[in-house]
Enquirer: 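Here it is, the structure in full.
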Amino acid sequence: MARTREFDTDAALERAMEVFREKGYEGASTRDLAGAIGIGPGSLYAAFSNKEGLYLAALRRHCEHLEATTQRALASKQSARTVLRGLLERAFTGSDPAHWGPGCLLLRAATERAGANPELDRMLRDASRAVEAAFAEILADGRRRGELPADLDAAAAAHFLVTTLQGLRVMALLGSDRASLSATVETALRCLG
């Protein structure tokens, strides 16, 4: 008879995400991860197969958080510029640093592990495309409501904004001041016309 799992998987993934964000994949030891989760290495391996399995599960959980953030933004009744400003500013404010801001696990994964695992690469592409699709939907809605120019290419503008978002995250990690980052957001929004 298989032993039942004696820990909360959801809480374990949240704690693992914190360790991976802080130390990266290479810097996070199995001992670090098991200690943060509050289980022994054997239980960690039984639940996730190995460190890579835990990492991928943590990234999947992180993607769920990103999806929830973009879905809330899409449901907003605010103007397209207001919604986009809020999402871009999350890259460097304390409003959601662990999932959307400079502590974004996907940003860390892309810079540290891209090309190391086909599943990881697919997750990185899918997450980026999902955010880009949400931005395109926000832009198209703004265009329909007359808030943005009728000839705005929503897909191209969304790609530009996702690229800007990633740049803001990196610059925040490098210590750029908030005023400079806010000015970058406003410049990006002005580029929409």
Side-chain angles (χ1 to χ4, degrees), residues 1-75 86-134 162-163 165-176 178 181:
M1 176 190 263
R3 242 178 104 178
T4 58
R5 193 169 293 161
E6 297 175 8
F7 64 94
D8 179 346
T9 303
D10 292 333
L13 288 174
E14 294 294 327
R15 290 186 194 112
M17 285 173 17
E18 291 172 21
V19 173
F20 285 128
R21 269 194 297 272
E22 180 184 324
K23 297 185 175 202
Y25 178 81
E26 296 300 330
S29 70
T30 303
R31 178 176 287 145
D32 294 331
L33 294 161
I37 294 170
I39 61 174
S43 295
L44 187 144
Y45 284 112
F48 301 104
S49 298
N50 55 29
K51 179 178 157 182
E52 182 88 2
L54 176 58
Y55 187 67
L56 293 173
L59 282 170
R60 278 190 288 281
R61 175 58 52 88
H62 181 78
C63 289
E64 291 169 7
H65 287 294
L66 291 178
E67 176 71 18
T69 299
T70 55
Q71 289 308 308
R72 282 191 301 276
L74 286 168
L87 288 172
L88 292 171
E89 286 179 347
R90 283 175 179 247
F92 56 88
T93 64
S95 61
D96 189 9
H99 299 301
W100 193 264
C104 174
L105 188 56
L106 285 174
L107 175 65
R108 181 131 199 179
T111 57
E112 183 185 23
R113 305 264 306 143
N117 177 308
E119 184 178 355
L120 169 67
D121 291 344
R122 181 192 49 75
M123 287 172 43
L124 293 171
R125 282 190 308 276
D126 289 351
S128 181
R129 287 178 185 149
V131 172
E132 197 168 311
V162 169
T163 303
L165 173 68
Q166 296 295 33
L168 288 165
R169 287 173 171 155
V170 171
M171 295 307 290
L173 284 172
L174 295 174
S176 284
R178 188 173 176 150
L181 297 170

Enquirer: Would you indicate whether the side-chain heavy atoms of L59 and Y25 approach each other to under 4.5 Å?
Expert: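 Y25 vs L59: side chains apart.
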Enquirer: Is the shortest heavy-atom distance from the side chain of M123 to the side chain of H62 under 4.5 Å?
Expert: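 With C-beta onward as the side chain, the pair stays apart.
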Enquirer: Under 4.5 Å between any side-chain heavy atoms of L168 and M171, yes or no?
Expert: no
Enquirer: Suppose we screen for side-chain contact (heavy atoms from CB on, under 4.5 Å). Which residues come up paired with A116, at least two apart in sequence or across chains?
Expert: R113
Enquirer: Are V131 and L87 side-chain neighbours, meaning at least one heavy-atom pair lies under 4.5 Å?
Expert: no
Enquirer: In Å, rounded to the nearest 0.5 Å, how long is the span from CZ of F92 to CG of L165?
Expert: 10.5 Å
Enquirer: Using modelled atom types and a 3.5 Å cut-off, is there a donor and acceptor pairing between side-chain atoms of K23 and backbone atoms of S29?
Expert: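 Side chain of K23 to backbone of S29, a donor-acceptor pair under 3.5 Å: no, none is there.
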Enquirer: With a 4.5 Å cut-off on side-chain heavy atoms, are L44 and N50 touching?
Expert: no
Enquirer: Taking ring-ring contact (aromatic ring centres under 6.0 Å, His included) as the definition, give me every residue that meets it alongside F20, ordered by chain and number, with sequence neighbours left out.
Expert: Y55
Enquirer: If you take all heavy atoms of A34 and P41, which pair is closest and at what distance?
Expert: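 Heavy atoms of A34 and P41 come nearest at CB-N, 4.0 Å.
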Enquirer: Any carboxylate oxygen within less than 4.0 angstrom of a Lys/Arg side-chain nitrogen, looking at R61 and E64?
Expert: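 Yes, this pair counts.
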Enquirer: Got a donor-acceptor contact below 3.5 angstrom from the D121 side chain to the G115 backbone?
Expert: yes
Enquirer: With distance as the sole test, does S128 use its side chain to make a donor-acceptor pair with the main-chain N or O of L124 at under 3.5 Å?
Expert: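 No; zero donor-acceptor contacts below 3.5 Å.
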Enquirer: Ignoring hydrogens, what is the shortest heavy-atom contact between A91 and A172? Give both atom names and the distance.
Expert: O-CB, 3.9 Å
Enquirer: Using 0.5 Å steps for rounding, measure from the CE atom of M17 to the CZ atom of R60.
Expert: 12.5 Å
Enquirer: Are any of the side-chain heavy atoms of R21 and R108 separated by less than 4.5 Å?
Expert: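 Of all side-chain heavy-atom pairs linking R108 with R21, none is under 4.5 Å.
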Enquirer: Nearest 0.5 Å, what's the CG-CD distance between L120 and E112?
Expert: 9.5 Å
Enquirer: What's the spacing between L54 CG and I37 CD1 if we round to 0.5 Å?
Expert: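 So the CG of L54 and the CD1 of I37 are separated by 5.0 Å.
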Enquirer: Go through it in stages, so that I can follow the logic: the residues are E14 and H65, the test is side chain to side chain contact (heavy atoms under 4.5 Å, CB included), and I'd like the CA-CA distance, side-chain angles, deciding distance and then a yes or no.
Expert: CA-CA 11 Å; E14 294 294 327; H65 287 294; 2.8 Å; yes
Enquirer: Is there a side-chain contact between I39 and Y45 (heavy atoms, below 4.5 Å)?
Expert: no
Enquirer: Does E132 reach the main-chain N or O of V162 with its side chain, forming a donor-acceptor pair under 3.5 Å?
Expert: no
Enquirer: What heavy-atom pair brings A127 and L106 nearest, and what distance separates the two atoms?
Expert: CB-CD1, 3.3 Å
Enquirer: So which atom in G27 and which in D32 form the shortest heavy-atom distance, rounded to 0.1 Å?
Expert: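 Looking at all heavy atoms of both residues, the closest pair is O-OD2, 3.6 Å.
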